Each structure stands twice: as C-alpha cells, then as structure tokens.
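Side chains are part of it too, since the values below use all heavy atoms of this structure and drop only hydrogens, waters and symmetry mates. Being a predicted model, the structure only gives us computed values, none of them experimental.
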Amino acid sequence: MKKAVFVLCLSILVCAACGKKAGETTVMANPFFSEFATPFGVPPFDLIKPEHYMPAFDRGMAEQKKEVEVITSNAEPPTFANTVEALERSGGLLNKVAGVFNNLTSSNTNEALQKIDKELAPKLAQHGDDIAMNAALFARVKAVYDEKGRLTLATEEARLLDETYKDFVRGGAGLPPDKQARLRQVNEELSVLAVQFGENVLKENNVFELVIENEADLAGLPPAVTAGAADAAKERGKPGKWVFTLHKPSLIPFLQYSENRGLREKTFKAYIHRGANGNELDNTALASKEAALRAERAGLLGYKTHADYVLEKNMSKTPQAVYDFLGKLWKPALVRAKAEAADMQELIGKEGRDFKLAPWDWWYYAEKVKKAKYDLDDNALRPYFQLENVRDGAFMVANKLYGITFTERADIPKYHEDVRVFEVKDADGSHLAVLYVDYFPRASKQGGAWMNNVREQSIRDGKDIRPVISNNGNFSKPTAGEPALISYEEALTLFHEFGHALHGILTRCNYESLSGTSVPRDFVELCSQIMENWAADPEVLKMYAKHYKTGEPIPDALLERMQKSRFFNQGFETVEYLAASFLDMDWHTRTEAQELDAVKFDAEAMVRIGLIPEIVSRYLSPYFTHIFSGGYSAGYYSYLWAEVLDSDAFEAFKETSLFDRATAESFRKNILERGGTEDPMVLYKRFRGREPKIEPLLKKRGLD
C-alpha cells in the first residue's frame, strides 16, 4: 500500500532555523509548507534544499498523528467516512514530501540525501507501526469491516475497506504487546538494512572502472563504444585513455564486442561480485540478515514463510503456485539455453580455440552467432534507434491507442539538466499529468530503469488531482558529434517503463492508495510489458525506427532479419531470469529465521535447479536490489507471470488491429484507469472476456 500510513518513509526532526543575531532565530522558508507555486503544482526542485526535508517530514508526521487522534477520539460510531476514508485522506504533507524525496534518492542523490535517508528509515518504520498498531484506530476500522455486509458501498469503497483492514492485520494490529514490540524492532531494522543495501550497490557500481591505455586493447569495439569510453575517461580526469564502467550502456557493448577475453572476464567478474568483496560495501551479511528478519516477521504474524505473507496479496496467492509456474518454463528454457551454448562452443572450435565457453564469453559469442546466422548485429541497428525517436515512438503509440498527446514544457522545474518535462493531455485537450523523462546514467543515480510517482492521482472534494510521473533509465549517452543511439534492447526498456508511466498517467480513482500502479506485483508489469509488443512490431518499427542521419525508416530487409532472429538467445534470457526468480523464492520460503552464508546459498540454489555453468543468474544476492532494497521480495517472478498476461492481452489487438480503438478503450477503462480498485483477475477478465492463456507467451519466446 503506497499510502504513507503504511510505508516506511517518514521521519521526525526539528525544523531548521538560522540565527540573525544573538537570541533571535527565524524559521527558514520551506517550500513544502505552502502550495507549490509552479505549473500544475509540481515540485519546485530549484527551491528545495536538503535541509528542507527533515522539517517537512517532521511536520507531516505530526499532522498525520493529529489526524489519527481526531479519528480515534470521535464520539460518533465508526463509519466508512469518519474512519476508513478519514484515515485514507490523512498524511497529505507526508505524502507530498515523500514523493519528492523518494524520487531524488533514486534519481539524483548525494551525500546529504543519503545521510537523511539513513536517519529517516528507523523513524519512518516507527511512525508506520504507531499507526498500524494503534488499538483504538484498529477497533474502529474493524467495527466498520464487521458491518461490511450491511453497508451500501461503491466498488472502490469496498475495496478500500478490505485493503485497509487487511493492512492493519498484516501490520500486527491483532498481536499481543510482546509480539508487537518485537515486530517494531524487526521493521525498524529491516528499513535500515534496505537503505544500506541499496546505497552499497550504488557505490559499488561507481567504484569500478576499467581503464584502458593501450589502443590495441580496444580491438573489436565499435567506434561509438570507444568514443563513449573516451568521454567517460575525460569526465573522470583521464584524458587520452578509455574508461569502461559497470553501468549497462558501457558494460554490455564491451562484453559484446571486446576481443580481449581477459578484460571481458575482469569486467564481468567485477559485475557479478558487486556487494561480495569483503569491504565496507559488502552486502552478503545484509542480505542474509534481511531474509532472516523477514522469516521472523512472517512467523510473528502467523504466516509459514515470508513468501506466504507477500503472495497472499498477489495473483499467484501461494509459493507453490509460483514454483509450479517457474518449473513449467524452466525445462524448455534450459533445453534452449544448452542448444545456444553448443552453437557458441562450436564457433569457438571453428576459430581454432580450445577453451570452454564461460559466462564472460556469452555476450561476445552470442553476437557472433547472431551475425553468422542472421547477418544481424546490435551495431547495425543502433543508427535506427536515436533516443529521441524511440521516445517519440512511444508517445505516438499512446496517441494512436488512447488519443493522448505529449507537449514538452520548458517552464516546469526539473531536478537535473538531463531531464525533459512533458505535459500530457487527453484527446479532448484536458490535462492528464506531468511526465519527467530521465534517461542517462550518472554517479548520483541508481542502476536499471524504473517509474516513480512524484504525486499520486486521487479525487478530493470532487477535484481530480492529476499525477506527476517520472520515467528513469540508464541508456547510452550521446558521444562527441553523435546523438544518443541506443540498442534495440534499450528501446524495449524505454517502452516498458513508459507503459508503467501510462498506468500512472491514465488512472482515474478516488483514493490515492488504490490509484495507478497500486496493484499486486504480479499484475503491475502487465501495463509495462504490453508496450514492448508494440515496440517490437514491424509495423510500429517502421514508424519510429529511423536512421539518425537520413531520416529513412528501418529497411524491410533489416526488419526481416530482426523477425527471423526474434527467438535468438531466448534460452539464455529466460534461464538467467528464472534463476534469479528461483533464488528469490528460495530465500523467502525459509521457515527458520537463520542467517546463512549468502554466497554459499546462491551457489546451492543454482545447483538445485541445474543451472549450466555458462550462465550466471541475472542477479546474485549481494546486488539483488529488487528483493533486498526494491520491494520485490518473493515477487521477482512477477515479470514473467505478467508476461503471460501481456502476451495474451496483446493477442486481443492482433485479433483486430494493432491500434484498434475499441480494444484500446477497453484496456484503458478496465485496466489502466482502474488501479487497484478491484481484484486484478476480475479486471483482466472484464477486458479479455476470459482468464489469460500461457500459449501466447510460449509462442512469443519460441518455447512452444
């Protein structure tokens, strides 16, 4: 639940003051303490300073505590309006500051924000627990819940009542005092560990650099890749050299094209050993501690495992259902991966080499096999994927489906010079949202790609408060004389995150905690992943994949080769993903709160599933931020679970046409606008007319 009452992102500290002269102080102006005087009320990033956060969290938490006291001291009998809805509407300032702070700590952090984050974490946990374990408040909520069958509630109101009651129970409201006390300790410790884990990974990403001084060591690398490495060297004060990092736009091309096997091994090992180097950034103990504490918390709350606790609210419901699902895909994927490895080993032999294919060779030889089989390589595609064209292609698809438009605004404050800001309007010209796009890597930004809600959508007093959304990526940057030319995989990622943005942009819900992406983990990826289907469709590629110099659309011959190669490397991609999903589930189906050796645990988990040595799990525990600092614990499987949904849903368009407005309107009304206001399977069946089938997924991945 995103509402501040249940999230661990609150704090109390004293408001900052500045001395004018002895004995006299004046409270500093704090932008959070008044309405934002900006277009659409977006955050005034140019005015907000690190010292403003603590006082804003302090006041926001104090205000919410007072709002809760008003609810619990109400002499009137508890009702939906004076208890459940009143609680939902509490914490306005708290949500306001948390939305801004959380966006910056992931997108543009610094030492000051990291320090605040660490100080906030235990206070946030305490505040959330104070509300979740408030006996008087829970008694009122329960009284309303017990009368649910006799109440006349709208669908969304009934959902809010259900979710609120469940969150109290899951938050420990019904536990005896001694167990509540221990639960508080566990929650506080987990909040601190998660912050530290994520910060360590960020620092590990930034620490490593492969510095190349001998030009001969650049053999095989395309000019654009070496130009980017030269720019990185200049930025780091090493002119005349080349620097490669662990950021994906640097790492992946190096592994794909570098002929220097020793340097590929060095770089790959640096990547997979992040958080496990025995230094001050080591995450092995943190991961194990988090898993143990989660197991303990599950036991306190009456669940067999942490996975049981998490999955209760997901579509999958049980750990066994997840394991069954993963197992159904593992066998065909592993067969395909072994065949792919055999093709590469054969090529190694043809080159007159006698080494066994290793994980740091996979990207390099996969590229060679693709070139040999399909006359296709990533370097040939990049000129057709200029970043701005890909972004505009995503906008175009949304316009064709839903009639919405995107207009860049230069008058809206932004938090970094790389950011671009767009106003989103509906087909009738009405305002829908503000969208920030932030696509380039930097030291102050976490890795990967994601969507943030800077402000959630809700309806208050009849007014539709529209959302403020950010899309973030770590894509290939422009180089000297060249625009940002991204890979085809990066283009798919851009469309993916844009799908999350659409989920946030188009939502129309009454309550903030149910709007937009506030849905189960294994349902939320439907709205993102379905956009990848349009990104990869030949008809759509012709619309946005245009040569950055000539403006000519991608030629039919190249499209044909792309289509023929669409199943290429799917064994590898599916296996490395499934391996991480199994690892996540193995950590979180443990019944004992016991700390284990994380590195040994990883190795044993991979032996159990029979992972071949040529492939490493997409994530290993010491840098598995999704599950140890990102909210996907016992939920990493959800990307593939949701791919069943998105593959099946896209079939509905293919059965009519790619941009069929009636199908798009149904998807918008029944999925995108509804948020978490109903059970996700009910929403899906309303759109599709039936439950999803797995066959379209198997077909799409070539595993049928």
Side-chain angles (χ1 to χ4, degrees), residues 1-7 9 40-43 64 80-81 84-100 102-103 153-167 313-315 398 402 404 424-426 430-436 450-471 497-528 631 642 667-680 682-684 686-687:
M1 197 170 183
K2 291 186 178 180
K3 187 152 177 60
V5 64
F6 291 120
V7 297
C9 51
F40 313 109
V42 302
Q64 188 173 34
F80 176 83
V84 177
E85 191 171 49
L87 178 60
E88 166 70 18
R89 299 302 192 192
S90 71
L93 175 57
L94 206 49
N95 290 338
K96 180 180 179 181
V97 62
V100 178
N102 292 339
N103 185 69
L153 298 176
T155 300
E156 188 173 348
E157 292 173 334
R159 183 74 169 181
L160 179 65
L161 175 56
D162 283 344
E163 293 301 303
T164 302
Y165 176 75
K166 289 176 185 176
D167 282 332
K313 297 191 72 173
N314 282 10
M315 294 183 75
Y402 310 116
I404 63 178
V424 189
K425 293 182 179 180
D426 212 337
S430 61
H431 175 78
L432 276 175
V434 172
L435 173 66
Y436 297 88
W450 65 96
M451 167 267 204
N452 268 341
N453 294 286
V454 182
R455 183 177 71 211
E456 301 272 10
Q457 181 269 338
S458 64
I459 297 176
R460 287 178 179 247
D461 301 321
K463 180 182 178 182
D464 189 358
I465 299 170
R466 298 310 303 168
V468 177
I469 307 294
S470 72
N471 254 181
E497 297 307 330
F498 180 66
H500 282 309
L502 287 177
H503 203 179
I505 288 167
L506 295 174
T507 184
R508 291 191 182 277
C509 302
N510 288 302
Y511 303 116
E512 196 171 310
S513 65
L514 299 177
S515 72
T517 55
S518 299
V519 300
R521 285 289 185 199
D522 50 9
F523 186 64
V524 74
E525 299 299 335
L526 159 63
C527 299
S528 56
F667 191 78
R668 175 175 178 170
K669 295 296 183 184
N670 293 309
I671 306 290
L672 293 171
E673 290 188 357
R674 298 301 298 149
T677 57
E678 291 186 74
D679 180 272
V682 171
L683 295 176
Y684 188 85
R686 192 174 295 146
F687 160 69

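Judged by distance alone, the side chain of T507 and the main-chain N or O of G516 form a donor-acceptor pair under 3.5 Å. Panel note: side chain S528, backbone E525; a donor-acceptor pair is recorded below 3.5 Å. Checking side-chain atoms of R466 against main-chain N and O of L432 turns up a donor-acceptor pair under 3.5 Å. With hydrogens and angles disregarded, a donor-acceptor distance shorter than 3.5 Å links the side chain of N471 to the backbone of E497.
From S90, atom OG reaches atom CD of E85 across 11.5 Å, with rounding to the nearest 0.5 Å. In this structure, NZ in K463 is found 10.0 Å from OG in S458, a value given to the nearest 0.5 Å. Atom CD of E456 and atom NZ of K96 lie 15.5 Å apart (nearest 0.5 Å). Within the model, atoms CG of L506 and CZ of F667 stand 10.0 Å from one another, a figure rounded to the nearest 0.5 Å. Taking NZ from K166 and CG from L161, the interatomic distance works out to 10.0 Å, rounded to the nearest 0.5 Å. The CG atom of L526 sits 7.0 Å away from atom OH of Y684, with the distance rounded to the nearest 0.5 Å.
In summary, R508 and D426 engage in a salt bridge, as defined by a charged side-chain N under 4.0 Å from a carboxylate O.
Scanning all heavy atoms of the two residues, the minimum distance from R455 to I465 falls at NE-CG2, 3.9 Å. When all heavy atoms are compared, the tightest approach of R89 to I459 is NH2-O, 2.7 Å. Across all non-hydrogen atoms, the minimal contact from F523 to I671 is CZ-CD1, 4.0 Å. When all heavy atoms of N314 and R521 are compared, the pair lying nearest together is OD1-N, 3.7 Å. Contact record, S513 with S518: O-CB, 3.2 Å, taken as the closest heavy-atom pair. Pairing each heavy atom of G675 with each of C509, the nearest pair is N-SG, 4.1 Å.
Residues R159 and D679 are in side-chain contact: their nearest non-hydrogen atoms beyond the backbone lie under 4.5 Å apart. Contact check for K313 versus E163: side-chain heavy atoms found under the 4.5 Å cut-off. V454 places a side-chain heavy atom less than 4.5 Å from the side chain of P43.
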Test side chain to side chain contact (heavy atoms under 4.5 Å, CB included) applied to C527 and L672, step by step: CA-CA 7 Å; C527 299; L672 293 171; 3.7 Å; yes
Side chain to side chain contact (heavy atoms under 4.5 Å, CB included) between I404 and R668: does it pass, once the steps are laid out? CA-CA 12 Å; I404 63 178; R668 175 175 178 170; 4.3 Å; yes
Where do T517 and M451 land on the side chain to side chain contact (heavy atoms under 4.5 Å, CB included) test, with the steps shown first? CA-CA 10 Å; T517 55; M451 167 267 204; 3.9 Å; yes
Apply side chain to side chain contact (heavy atoms under 4.5 Å, CB included) to residues I469 and V434 and explain how you reach the verdict. CA-CA 6 Å; I469 307 294; V434 172; over 6 Å; no
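For the residue pair N95 and E512, a side-chain donor N or O sits within less than 3.5 Å of a side-chain acceptor on the partner. Neither side chain, E678 nor T155, offers a donor N or O lying under 3.5 Å from an acceptor on the other.
Results of the side-chain contact (heavy atoms from CB on, under 4.5 Å) test with N510 over Q457, R460, E156 single out E156 as the only residue that passes.
Ring geometry for Y511 against F80 counts as perpendicular: the plane angle is over 60°, on a 0 to 90° scale with 30° as the lower cut.
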